[in-house]
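Following: one structure in structure tokens, then a few remarks.
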Protein chains: 2
Amino acid sequence: MAGKPLRIATFNVNSVRARLPIVTAWMREHRPDVLCLQETKVVDEQFPREPFEELGYHLAVHGQKAYNGVAIASVEKPREVTRGLPGSIAGEARFMTARIRSVTIVNTYVPQGQDVDSKKYAYKLDWLERLHAWFEEAIRPRLRICWCGDINIVPTEIDIHDPKRNEGHVCFNPEVRGAFGRILDTGLVDVFRKHHPEPGHYTYFDYRVRAATSRGIGWRVDHLCATKALAARSADAWIDLAPRNAERPSDHTPLVVDFEL
Amino acid sequence: MAGKPLRIATFNVNSVRARLPIVTAWMREHRPDVLCLQETKVVDEQFPREPFEELGYHLAVHGQKAYNGVAIASVEKPREVTRGLPGSIAGEARFMTARIRSVTIVNTYVPQGQDVDSKKYAYKLDWLERLHAWFEEAIRPRLRICWCGDINIVPTEIDIHDPKRNEGHVCFNPEVRGAFGRILDTGLVDVFRKHHPEPGHYTYFDYRVRAATSRGIGWRVDHLCATKALAARSADAWIDLAPRNAERPSDHTPLVVDFEL
DNA sequence: GGCCACAACG
DNA sequence: CGTTGTGGCC
């Protein structure tokens, strides 16, 4: 390889304001070229821009009050920023894209779905279908597209601590796993899985489970997927569990991929 | 004098749970024999007893959910603890008494009153009248009674930064000042005033006034009054403004009296 | 279990 | 401004 390095990270922060010290400390230590945030939970006017800018980052934000919210921090200025997945509920901030260097970043916070027989779950499936359509439209063989974020889908049985018990869950059932697979089939590779075929790597730990990290009771629902052309250039992928030892951690933890472009 | 020292303090903590580090640090530093707390805002089962007990204190608590709540921490075990002022709203935790050494401690959180033409203000006057009746009944010439707490009354014009502007306030009008005077007339002395005739000593600073402490924009509404026999033995009285420099201070600050019994 | 909003209280 | 509920969300 030995191309120019590009580090892309994704982190569901569960409130960027509440998590500010954790996020900035993490950026200072790992200096991602691109950091995709989800669940920022803040309207754009109140996004804490200064701490990011002081670290030398540009910011593209897409937020709403109390819920959801995505943002992209990047060393290089993002170009062609778009906000909102067509067909979604008005004002709902779960999807944004930006072009950074040669890569199109697609930052998503996929609806969780609450319960399989809720309207929210139906909306999740609908949302995934529209996302699928978006990729069908967007992907060209040699394009560099990076889809990352909190996808709220556990791809396979090795991505959850207890697949038996959670069979049928809104994040782990044939329907959503199928939807995930169909999106990958448009031409994407699960880059973390490419580097780590072994089971037991998780990015999410339920707050309600005591000592979930040390007991390994987690879920892999945050992902970074890349078009084949781009994925071919990934040098490494890792989940950083260190922020889970901080004072008031998020229930998610950062996922990082290092590319050599 | 040179009798046995007895330090009694009173502190409206505005949530004993939120203020725990401030309260315990203060106790560690000043080692009161008796500490009366108000606005503990916690039911008895959830009172954080351990931190007090680790410091060598007994606890008598009288709390309720979300509002009010009083407690007495003391080095010597309190005897004859009573809870509730007769005639008050059921479950309302604003009054408790305890015998510690030779002194009967009366710890009160007098209703604030909200607005002069509210039912709450009528209730405040009624409450003060019942408190007056309680003292009429309780006080005997040579008895050692110590009434302290958040009294929510500014006794005189020198006890508030702007008496003009606050004339008529529920904590500073002829009616409540009269009620306070009548209670003192049952045989009590305002011990802080005994030691400090000069104006400008305050125990309460409105959260909504920026930098109220340094600008001296306060109210003296927390008091320690003692029967004449006991007041004769007070050696010093002081308001400790130091806790106001802590991380998340209460809007009140401790008042301390040192007796020599 | 922890985030956010909101309302009540002072 | 800063407590404490409550309820929605995950």
Side-chain angles (χ1 to χ4, degrees), chain A residues 12-20 22 38-43 46 63-69 92-94 109-115 118-121 123-124 150-153 166 169-172 203-213 217 219 221-222 244 246-252, chain B residues 12-20 22 38-43 46 63-69 92-94 109-115 118-121 123-124 150 152 166 169-171 204-213 217 219 221-222 244 246-252:
Chain A
N12 177 326
V13 288
N14 187 15
S15 170
V16 70
R17 286 177 293 182
R19 225 61 65 204
L20 201 49
I22 292 178
Q38 301 88 36
E39 286 207 83
T40 52
K41 293 188 175 181
V42 66
V43 293
Q46 296 181 171
Q64 69 179 83
K65 188 157 126 182
Y67 301 114
N68 311 318
E92 197 195 48
R94 294 181 174 274
Y109 173 47
V110 175
Q112 194 259 1
Q114 190 148 294
D115 198 286
S118 67
K119 297 184 65 176
K120 298 197 177 182
Y121 179 66
Y123 183 69
K124 178 179 191 171
D150 178 354
I151 314 295
N152 267 319
I153 299 173
N166 288 294
H169 189 278
V170 289
C171 296
F172 183 62
T203 63
Y204 164 77
F205 301 87
D206 193 324
Y207 276 130
R208 289 160 289 194
V209 177
R210 308 176 321 281
T213 319
I217 302 179
W219 311 47
V221 293
D222 300 270
R244 302 204 47 74
E247 193 85 351
R248 298 187 311 163
S250 171
D251 45 356
H252 293 252
Chain B
N12 177 325
V13 288
N14 186 17
S15 169
V16 70
R17 285 176 293 181
R19 225 61 65 204
L20 202 49
I22 292 178
Q38 301 86 38
E39 286 207 83
T40 52
K41 294 188 174 180
V42 66
V43 293
Q46 296 182 172
Q64 70 180 82
K65 186 157 125 181
Y67 301 114
N68 312 317
E92 197 195 48
R94 295 180 173 276
Y109 173 47
V110 175
Q112 194 259 5
Q114 191 149 293
D115 198 285
S118 68
K119 296 185 67 175
K120 299 197 176 181
Y121 180 66
Y123 182 70
K124 176 179 192 171
D150 178 353
N152 268 319
N166 290 292
H169 189 277
V170 289
C171 295
Y204 164 77
F205 301 87
D206 193 324
Y207 277 130
R208 289 160 291 191
V209 176
R210 309 177 322 281
T213 319
I217 303 180
W219 310 48
V221 293
D222 299 270
R244 301 203 49 73
E247 194 85 353
R248 297 187 311 164
S250 171
D251 46 356
H252 294 251

Quick one: side chain to side chain contact (heavy atoms under 4.5 Å, CB included) partners of B:Tyr121, sequence neighbours excluded? B:Val116, B:Ser118, B:Lys124, B:Leu125, B:Val170, B:Asn173, B:Glu175, B:Val176

Is there a donor-acceptor pair closer than 3.5 Å between any side-chain N or O of B:Gln64 and the backbone N or O of B:Ala93? yes

To the nearest angstrom, how far is A:Asn12 atom CG from C:dC4 atom P? 13 Å

Do you see a donor-acceptor pair shorter than 3.5 Å between the side chains of A:Ser250 and A:Arg19? no

Applying a 4.0 Å non-hydrogen cut-off, can you work out what A:Arg210 is touching in the nucleic acid: base, sugar-phosphate, or nothing? nothing

Residue that, paired with A:Tyr109, satisfies side-chain hydrogen bond (donor to acceptor under 3.5 Å, both in side chains) out of A:Gln38, A:Glu39, A:Arg94: A:Glu39

Is B:Asn14 reaching over with its side chain to a backbone N or O of B:Asp251, donor-acceptor style, under 3.5 angstrom? no

Reading DNA chain D 5' to 3', which nucleotide is the first, and which the last, to come under 4.0 Å of any heavy atom in chain A? D:dC9 to D:dC10

Quick one, give me the B/S/- string for nucleotides 5-10 of chain C, reading 5' to 3', where B means a protein heavy atom under 4.0 Å from the base and S means that only happens at the primed atoms, P, OP1 or OP2. SS--SB

Contacts of B:Tyr204 meeting side chain to side chain donor-acceptor pair (under 3.5 Å) (sequence neighbours excluded), chain-then-number -> none

Residues in side chain to side chain contact (heavy atoms under 4.5 Å, CB included) with B:Tyr123, at least two apart? B:Ser88, B:Ile89, B:Glu92, B:Pro111, B:Asp126, B:Trp127, B:Arg130

Quick one: list whatever passes salt bridge (charged side-chain N to carboxylate O under 4.0 Å, His left out) with B:Arg210, sequence neighbours left out. none

